[in-house]
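First the proteins, then the strands, lettered A, B, ... as listed; each starts at 1.
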Amino acid sequence: MSETTLTPIRWGILGTGKIARKFANDVQKAAPGAEIVAVGSRTQESADAFGEEFGIARRHGSYEDLAADPEVDVVYVATPHPWHYEASLICLNGGKGVLCEKAFTMNARQAKELVAVAREKNLFLMEAMWTRFRPTMVKLRELIAEGKLGELQYATAAVGWQSPFETVSRVFRKDLGGGILLDGTIYPISFVWMLFGQPSTTVTIGVLGEAETDEQETIVFGYPSGAQATVFGSLRTGLSGPALVTGTEGRVEIAHPWWEPTELTLHARGAEPETFSFPEPEGTRGYQYEAIAVGEAIRAGKLETDIMPLDESIAIMEAMDALRAEWGLTYPADEA
Amino acid sequence: MTEQAITPIRWGILGTGKIAHKFAHDVTVGVPDAIVQAVGSRTQASAEAFGDEFAIPNRHGSYEDLANDPEVDAIYVSTPHPWHHDATILSLRGGKAVLCEKAFAMNAREAREMVAVAQEENRFLMEAMWLRFRPAMVKLRALIAEGAIGEVVNVHATISWAAAKDHTSRLFAKELGGGALLDATIYPISFAFNILGTPTSVTGVATIGETGVDEQEAIAFGYASGAVASIIASFYAPAQNMAIVTGTKGRLEIAARFWEARTLTFIPNDGREPEVFDFPEHDTTGYQYEAIAVGEAIRQGEIEHPLMPHAETIAIMETIDQLRAQWGVTYDADQQGV
């Protein structure tokens with residue numbers, strides 16, 4: 001496809017935080033056929049500042065105004081997760097497609113409602129699980145599909161970063177969806193979900209801290225095939241190891257930090273290890289791949305992608321609800 | 001201590017299988033103050049063959065004869081695990097120190113009985129968890145103790161190989177203590193115990209095969225400190241076999257096969273380059289280190305070793321019992337004793 005044949009996908013960005021900046025940068029630099037035409041924030045000031053920085057002409061001082069902007073096709077919801085549901089709903093009700101940051105919502109109820117609204121209105125919706133769209137992950141799925149690993153038997157993946165305890169920090173505030181689950185552990189959970197699908201058994205140990213948010217957890221998933229996966233998430237260390245995927249004929253290792261991978265190594269049975277590299281171009285972080293996939297889906301008239309389907313986002317939220325129930329962790333959003 | 005001052009420890013080897021060969025070899029070439037004095041097997045022929053191979057003078061056609069051999073100080077019990085209990089007690093009653101292969105016993109009840117006999121007879125007894133005595137593990141524990149990785153928050157270890165799907169082999173035979181747990185998973189379980197102690201929460205998911213044994217499993221441990229551990233073991237897939245200890249300030253990785261611990265990597269989180277420590281073996285597999293440790297403990301009149309104490313061996317068997325109960329895996333030995 002040459003660039004000239006593409007009708008540009010016109011993006012609006014909702015929220016002006018760190019991840020909104022990365023996304024805007026990567027889309028502008030590396031997503032052909034995509035254009036950021038608008039930004040929306042709770043304050044005009046911050047919308048203007050973001051607009052200045054990225055040369056975005058349309059700057060809205062409310063989410064509603066962004067959602068009503070007729071020049072916008074699809075909105076990237078980049079708020080912290082307690083606002084995903086509300087912000088996505090505003091955009092869908094404004095007739096916009098939505099790419100919503102992960103974790104998709106606070107709980108499965110919210111996820112189901114968003115999906116129902118998107119389907120009812122025939123609008124595109126996707127959880128922004130950018131890792132799945134990166135070339136390294138595309139390669140991993142290809143290797144698995146080609147049978148290079150044989151039958152998948154087990155996988156392990158961990159994520160974490162060190163957050164010193166402070167009650168003012170969002171990660172330790174229950175009302176702000178704090179804890180490592182929705183911010184971090186969503187990555188390895190979604191990763192093993194991509195490999196194995198819906199688990200038939202889940203056991204877990206969660207460690208709640210002073211603020212009653214999860215500071216650390218390990219999860220074991222069992223699958224109908226007999227495969228298993230282990231997941232570790234932590235706010236106490238940023239040094240978790242590689243992601244490992246093992247089958248009857250070989251295994252793949254993706255080095256830390258595997259959630260933004262640039263290479264993987266295949267250890268096929270009886271063969272020398274083979275490394276496949278997908279270095280990220282200078283100046284981008286890798287958020288362009290999901291934006292490109294969204295553009296392709298929208299152009300093809302699809303309302304979701306095969307790589308991150310909506311029913312899977314709902315199932316993952318349900319699994320996280322069940323984990324929280326086991327640990328005794330509830331969010332204010334669960335009461336609604 | 002000079003070598004002349006040391007009376008050699010005279011080992012007897014009970015059982016003549018693969019691991020007995022490795023142990024006999026490593027003790028012969030790798031332990032300066034020990035000799036393999038005797039071998040005992042269920043048949044005289046196999047004792048003779050083993051004796052010829054390693055030039056062992058005393059060859060016994062029964063375990064009883066070995067246990068009563070006055071020229072033996074310590075017996076290495078290397079039978080498959082369903083016989084560990086009886087062979088160990090027989091040897092202790094014969095007045096011998098015992099180093100018993102892992103898994104130590106079929107269940108915690110057997111382990112407690114074995115320990116009780118060692119205490120009664122005032123004889124040394126230890127589970128042969130050779131990994132703990134290897135130089136890489138000594139280094140790993142030293143790095144942790146000196147705070148190199150800060151507070152340990154996570155342990156992950158995998159043990160896996162593609163076992164021939166021969167359901168007639170011992171690995172798959174329930175009556176022979178088959179399944180991954182006692183043969184393979186004991187390594188990562190014991191590894192986690194070595195680093196983090198006894199878990200306060202134990203849970204896991206297992207794949208039970210057609211012979212009723214666990215062929216693959218994933219296990220999670222939680223600890224009072226807030227640390228968590230995860231373990232994977234499998235008969236289905238070629239080796240991943242890495243062990244990772246993650247702390248607040250760094251990470252330690254033991255490269256595959258972690259239970260043979262030859263390469264240890266320290267990855268600090270302060271931007272320093274990772275540091276690699278190599279512990280090659282030349283003529284030996286690495287069974288000599290546990291034999292040396294046993295010799296030292298026996299000479300000091302100890303009945304257990306601080307690196308693999310009785311209480312920990314029992315706690316490990318209790319944890320394994322707990323996992324089996326969750327998975328519905330029972331052995332014949334569970335029906336006995338009570």
Side-chain angles (χ1 to χ4, degrees), chain A residues 149-158 160-162 164 199-209 215-242 244-253 256 267-271 326, chain B residues 149-158 160 162 165 199-209 215-253 256 265 267-269 326-327:
Chain A
L149 278 70
E151 217 178 300
L152 290 193
Q153 292 298 341
Y154 58 84
T156 189
W161 47 83
Q162 221 152 7
S200 43
T201 316
T202 302
V203 296
T204 182
I205 294 164
V207 181
L208 303 189
E215 295 185 5
Q216 200 159 253
E217 57 235 9
T218 186
I219 306 159
V220 176
F221 293 119
Y223 302 95
S225 67
Q228 283 119 18
T230 67
V231 159
F232 171 62
S234 179
L235 287 175
R236 295 180 180 175
T237 181
L239 283 157
S240 43
L244 309 168
V245 183
T246 306
T248 49
E249 297 304 321
R251 61 193 170 91
V252 161
E253 201 172 310
H256 175 92
H267 302 256
R269 215 167 163 169
E326 184 135 355
Chain B
I149 62 167
E151 193 195 330
V152 175
V153 296
N154 184 247
V155 168
H156 177 84
T158 297
S160 165
K165 280 260 176 120
T200 48
S201 320
V202 173
T203 186
V205 177
T207 308
I208 309 298
E215 298 182 357
Q216 180 172 291
E217 56 228 8
I219 298 164
F221 292 150
Y223 301 87
S225 67
V228 289
S230 61
I231 284 165
I232 294 174
S234 176
F235 285 168
Y236 298 141
Q240 194 90 257
N241 297 335
M242 188 189 267
I244 303 168
V245 181
T246 308
T248 50
K249 292 183 180 163
R251 181 166 95 231
L252 292 162
E253 285 184 6
T265 306
I267 302 146
N269 76 344
Q326 288 178 20
W327 304 336

Checklist entry - Looking at A:Ser225, A:Gly160, A:Ser234, A:Gly226, which one has more heavy-atom pairs under 4.5 Å with chain B than the rest? => result A:Gly226
Checklist entry - In Å and rounded to the nearest 0.5 Å, what is the CD to OG1 distance from A:Gln228 to B:Thr207? => result 3.5 Å
Checklist outcome for this item: B:Met242 and A:Pro242 have their tightest heavy-atom pair at SD-CG, 4.3 Å
Checklist entry - Got a second to check how far B:Thr246's OG1 is from A:His256's NE2, nearest 0.5 Å? => result 9.5 Å
Item to check | Region of A:Arg251 in contact with chain B, defined by heavy-atom distances below 4.5 Å | outcome: side chain
Item to check | Top contributor to chain B contacts, counting heavy-atom pairs under 4.5 Å, from A:Ile205, A:Val231, A:Leu152 | outcome: A:Ile205
Checklist outcome for this item: Most contact-rich option vs chain B, by heavy-atom pairs under 4.5 angstrom, among A:Ile219, A:Leu244, A:Thr201, A:Thr204, is A:Leu244
Next on the checklist: B:Glu253: which residues meet the side chain to side chain donor-acceptor pair (under 3.5 Å) condition with it, sequence neighbours left out?
Outcome noted: B:Arg251
Checklist entry - Heavy-atom distance under 4.5 Å to chain A: side chain of B:Ile219, backbone, both or neither? => result backbone
Checklist entry - Quick one: CG on B:Asn241 to OG1 on A:Thr246, what's the gap to the nearest 0.5 Å? => result 9.0 Å
Checklist entry - Checking heavy atoms, do the side chain of A:Ala268, its backbone, both or neither come under 4.5 Å from chain B? => result neither
Item to check | Heavy-atom proximity to chain A below 4.5 Å, by part of B:Ser225 | outcome: backbone
Checklist outcome for this item: Of all heavy-atom pairs linking A:Thr156 and B:His156, the shortest is OG1-CE1, 3.3 Å
Next on the checklist: Looking at B:Tyr236, is its backbone amide N or carbonyl O close enough to the side chain of A:Thr248 to form a donor-acceptor pair, meaning the two atoms are under 3.5 Å apart?
Outcome noted: no
Checklist entry - Is it the backbone or the side chain of B:Ile149 that comes under 4.5 Å from a heavy atom of chain A, or both, or neither? => result neither
Item to check | Residue among A:Gly241, A:Ala158, A:Gly238 with most heavy-atom pairs under 4.5 Å to chain B | outcome: A:Gly241
Next on the checklist: For the interface with chain A, which of B:Pro238, B:Gly222, B:Ala237, B:Ser234 has the highest count of heavy-atom pairs at distances below 4.5 Å?
Outcome noted: B:Pro238
Checklist entry - Looking only at heavy atoms, what is the nearest atom pair of A:Thr218 and B:Ser230, with distance? => result OG1-CB, 3.7 Å
Next on the checklist: So for A:Gln153, is it side chain, backbone, both, or neither that comes closer than 4.5 Å to the heavy atoms of chain B?
Outcome noted: both
Checklist entry - Of the backbone (N, CA, C, O) and the side chain (C-beta and beyond), which part of A:Glu151 lies under 4.5 Å from a heavy atom of chain B, both, or neither? => result neither
Checklist entry - Any idea which heavy atoms bring B:Gly226 and A:Val207 closest together, and the distance? => result O-CG2, 3.4 Å
Checklist entry - Mind checking whether B:Asn269 and A:Gln162 have side chains closer than 4.5 Å, heavy atoms only? => result yes
Item to check | chain B contact via A:Glu217 - side chain, backbone, both or neither, heavy atoms under 4.5 Å | outcome: backbone
Checklist entry - Taking all non-hydrogen atoms of both residues, which atom of A:Arg236 and which atom of B:Val153 are closest, and how far apart? => result CB-CG1, 3.9 Å
Next on the checklist: Give me the atom names and distance for the closest heavy-atom approach of B:Ala218 to A:Thr230.
Outcome noted: CB-CG2, 3.7 Å
Checklist entry - At what distance, to the nearest 0.5 angstrom, does CD1 of B:Ile232 lie from OH of A:Tyr154? => result 6.5 Å
